Amino acid sequence: MPKDVITPRATDYNQWYLDIVREADLAEPAEVVRGCIVVKATGWGIWEMMQRELDQRIKATGHANVQFPLLIPKSFIMKEAEHVEGFAPEVAEVTRAGGEDLTEPYVIRPTSETIIGHFYSRWIRSYRDLPLLYNQWCNVMRWEKRPRLFLRTSEFLWQEGHTAHATREEAMEETIRMLNVYERIMKDVLALPVVPGEKSEGERFPGADNTFTCEAMMSDKKALQAGTSHFLGQNFAKAFDIKFQDRDGEVRYAWTTSWGVSTRLIGALIMTHSDDDGLILPPKVAPVKLALLPISTDQDLISSTLEPKAEEIKAAIEAVIGRRTVELDTRYHLRPSDRFFHHLQRGVPLRAELGEKELANQTLRLVRRDTGERIDVPMEEAPRRVLEVLEQVQENLYRRALDFRLSNTFEVSSMDEFKEVLDSKGGFISAFFGGTKEDERAIKEATGATVRCFPLEDHSTGTCFYTGRQGCKRAIFAKAY
RNA sequence: CGGGGCGUAGCGCAGACCGGUAGCGCACCUGAAUGGGGUUCAGGAGGUCGCUGGUUCAAAUCCAGUCGCCCCGACCA
């Protein structure tokens, strides 16, 4: 008989999400600091795994890590017209320090294009200085009206890549390269199937010429922007005077890009894979990949045989799947079912049970978190089989999420159909669209859905469902977080 | 910032209309039985009732002010 500590998704999706975060011990609202979050050990462990994977890939594509100040002179934010408009309403300012009013206030960085632009202008003189390929892992602050754990906290952690290039083509290549890096890591590591695409005019980053995105579908069929890569053109170069003398002697403005993913990805993981029992983590980002539980009512048997055996198995398995990835659960004061549930709720991908039955048969019982399937494997094969099953879990989670998205994506060709499908089924609406920013706003007004992106891999064109214009690209619409 | 709601034990709530010095469920601690997907019983610990002021012999309760949080919108990684 389950206790109702986790609200079923069908009852209240928002509450379900909060319950998962709490019961899996990922994080809690900071409360004393509005909109901020305390990331707890398990949540941080997930972030560390994602960070490690991504950091390697950022470096593998030629970028180096750097660190810029948390505070930015307020005047910097004001330099790029659209950037000001986009970010001014949500920045926090520091006006006093050291007991005195500052002559110029600082803002706490909402993103670092401006201060990095300032330094890039000092570092770049020649085409030989380009490209400049830097990334920083840091925290930023945006005073959003409506915070939501992981998805939109006032302070959040992310990486922001900032690059400068000699030509438009090179900068565009970089923008797409990093979008692809994001797509790959989301797919391969987080098991998140995403739609890479270009943002519409109305959804662009303030100050960018083009914004590219990885859009994911959550299990309530709403969309989540999981990561973005911006082609900034020469906008910031002009605002911050980032110029170089080219091969031909001409002085030119550089072309810049920026790209980032944040702790929001943890929210994406939760809302993509988890169920009413609790969190489900893809093995590749699970700090604990296997919970190993010696089970017996006979305390002597436990200490003489089961626990030593368990230690031995743990070592053998960790030799194959990685250090400190197996948690040996020795909480014998709890009933087995309570111990099971603990790991289940926390999303541990695989549970192993070692009891008298297993001892007698020289087997180990594995239980999958994603399917509940029980698999008895010969003891000596355990390490290999654990690895194998973990790979299957990883694959299954991706496949499941992809199927969900595909079966909840609907094509429409008129506004009436758009509304009807969105109301009755929800999900992603796929339609040819060639409207303006104003049209986007009107559609949002009428339906609550926004343009998520123009998928990159879809080259088909057709008649716009809204304006009737010919030769328009396909867009994905959805209600979004 | 507009509309609604709420602050009482770690969490979720009752008590308030009709002032008399705080209670329930879960979680937690102890013990017993139980034990392979959320067990049962017994005992126990835990609260300046958001804050400030007022009325009163007496305030969680009445009055005034204030702070904060949540939900729905607008805004967003």
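Numbered from 1 within each chain, the chains take letters A, B, ... in sequence-line order. Just the heavy atoms: all of them, side chains too, but no hydrogens, waters or symmetry mates, feed the values below. It should be emphasised that the depicted structure is a prediction, and the values quoted were computed from it without experimental measurement.
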Should the pair Trp255(A) and Phe231(A) be assigned to parallel (<30°), tilted (30 to 60°) or perpendicular (>60°) ring geometry?
parallel

Base, sugar-phosphate, or nothing for Leu151(A), non-hydrogen atoms under 4.0 angstrom?
base

Within 45 degrees of the ring normal and closer than 6.0 Å to the centroid, is that where the cationic atom of Arg405(A) sits relative to Phe428(A)?
no

Nucleotide nearest Gln345(A) when distance is taken to its side chain, options G36(B), A77(B), G38(B)
G38(B)

State the pairing partner of C49(B); accept Watson-Crick or G-U wobble contacts with both distances under 3.5 Å, and report none otherwise.
none

Over 60° means perpendicular and under 30° means parallel, so tell me whether Trp16(A) and Tyr13(A) are parallel, tilted or perpendicular.
tilted

Gap in Å between the two C1' atoms, one belonging to C6(B) and one to C11(B), rounded:
16 Å

C1' atom, G15(B) versus G7(B): distance in rounded Å?
15 Å

Which part of the nucleic acid, if any, lies within reach of Arg441(A) when heavy atoms closer than 4.0 Å are counted: base, sugar-phosphate only, or nothing?
nothing

Keeping His83(A) on the side-chain end and Pro206(A) on the backbone end, is there a donor-acceptor pair under 3.5 Å?
yes

Does the structure show a Watson-Crick or G-U wobble partner for C13(B), both distances under 3.5 Å? Name it, or say none.
G23(B)

May I ask you to say what Gly86(A) touches in the nucleic acid, namely base, sugar-phosphate or nothing, with a heavy-atom cut-off under 4.0 Å?
nothing

In whole Å, measure the gap between the P atoms of U8(B) and A60(B) for me.
15 Å

Cation over ring, Arg148(A) on Tyr17(A), under 6.0 Å and within 45°?
yes

Find the partner of G68(B): check Watson-Crick (N1-N3 plus N6-O4 or O6-N4) and G-U wobble (N1-O2, O6-N3) distances, both under 3.5 Å, and reply none if neither fits.
C6(B)

Categorize Tyr332(A) for me: base, sugar-phosphate, or nothing, with a 4.0 angstrom heavy-atom threshold over every strand shown.
base

Do Thr7(A) and Asp19(A) get their side chains close enough for a donor-acceptor pair, meaning under 3.5 Å?
yes

Minimum-distance nucleotide to Lys145(A) side chain [options: C76(B), C1(B), G36(B)]
C1(B)

In the structure shown, which nucleotide is the Watson-Crick or G-U wobble counterpart of U30(B), with both distances under 3.5 Å?
A42(B)

So, is Arg22(A) near the phosphate of C11(B), with a side-chain N or O under 4.0 Å from OP1 or OP2?
no

Polar side-chain atom of Lys199(A) near backbone of Arg452(A) as donor-acceptor pair, under 3.5 Å
yes

Using Watson-Crick geometry (N1-N3 plus N6-O4 or O6-N4) or G-U wobble (N1-O2, O6-N3), each under 3.5 Å, U56(B) is paired with none

Protein-nucleotides 3-5 of chain B N/O pairs closer than 3.5 Å?
none

Within the structure shown, what part of the strands sits under 4.0 Å from Leu334(A) by heavy-atom distance: base, sugar-phosphate, or nothing?
base

Could you check whether the side chain of Glu358(A) and the base of G36(B) have a donor-acceptor pair of N or O atoms closer than 3.5 Å, going by distance alone?
yes

Just checking Gly260(A): base, sugar-phosphate only, or nothing, at a heavy-atom cut-off of under 4.0 Å?
nothing

Looking for any heavy atom pair under 4.0 Å, which part of the strands does Leu344(A) touch: base, sugar-phosphate only, or nothing?
base

Side-chain N or O of Arg374(A) less than 4.0 angstrom from OP1 or OP2 on G37(B)?
yes

When the nearest nucleotide of RNA chain B is assigned to Val367(A) and to Leu18(A) on a heavy-atom basis, which residue is associated with the more 5' position?
Val367(A)

Regarding the side chain of Glu90(A), the nearest nucleotide among G36(B), G35(B), C75(B) is C75(B)

With sugar-phosphate meaning primed atoms plus P, OP1 and OP2, does Ser337(A) contact a base, only sugar-phosphate, or nothing at under 4.0 Å between heavy atoms?
sugar-phosphate

With a non-hydrogen cut-off below 4.0 angstrom, is Arg339(A) in contact with a base, only sugar-phosphate, or nothing?
nothing

Classify the nucleic acid contact of Glu160(A) as base, sugar-phosphate or nothing, counting any heavy atom under 4.0 Å across all strands shown.
nothing

Contact class for Gln225(A) (heavy atom, under 4.0 Å): base, sugar-phosphate, or nothing?
sugar-phosphate

Can you tell me whether the side chain of Arg369(A) and the base of G37(B) have a donor-acceptor pair closer than 3.5 Å?
no

Determine if Phe156(A) stacks with A77(B); use a centre-to-centre distance below 5.5 Å and an interplanar angle below 30° as the criteria.
yes

Salt bridge (charged side-chain N to carboxylate O under 4.0 Å, His left out) partners of Asp220(A), counting only residues at least two apart:
none

With hydrogens left out and only the distance checked, is there a donor-acceptor pair under 3.5 Å joining Asp338(A)'s side chain and the base of G37(B)?
no

Could you tell me if Arg264(A) and Ser262(A) have a donor-acceptor pair between their side chains, going purely by distance under 3.5 Å?
no

Any side-chain N or O of Lys444(A) under 4.0 Å from OP1/OP2 of C75(B)?
yes

Inter-nucleotide P distance (G4(B), G20(B)), Å rounded:
32 Å

Would you indicate which nucleotide in C75(B), U34(B), A77(B) comes nearest to any side-chain atom of Arg335(A)?
U34(B)

Scanning all shown strands, the Watson-Crick or wobble mate of G73(B) with both distances under 3.5 Å is C1(B)

Within the 4.0 Å heavy-atom criterion, would you say Thr213(A) contacts the bases, only the backbone, or no part of the nucleic acid?
nothing

Return the orientation label for the Phe236(A) and Phe205(A) ring planes: parallel under 30°, perpendicular over 60°, tilted otherwise.
tilted

P-based separation of A42(B) from C26(B) [nearest Å]:
12 Å

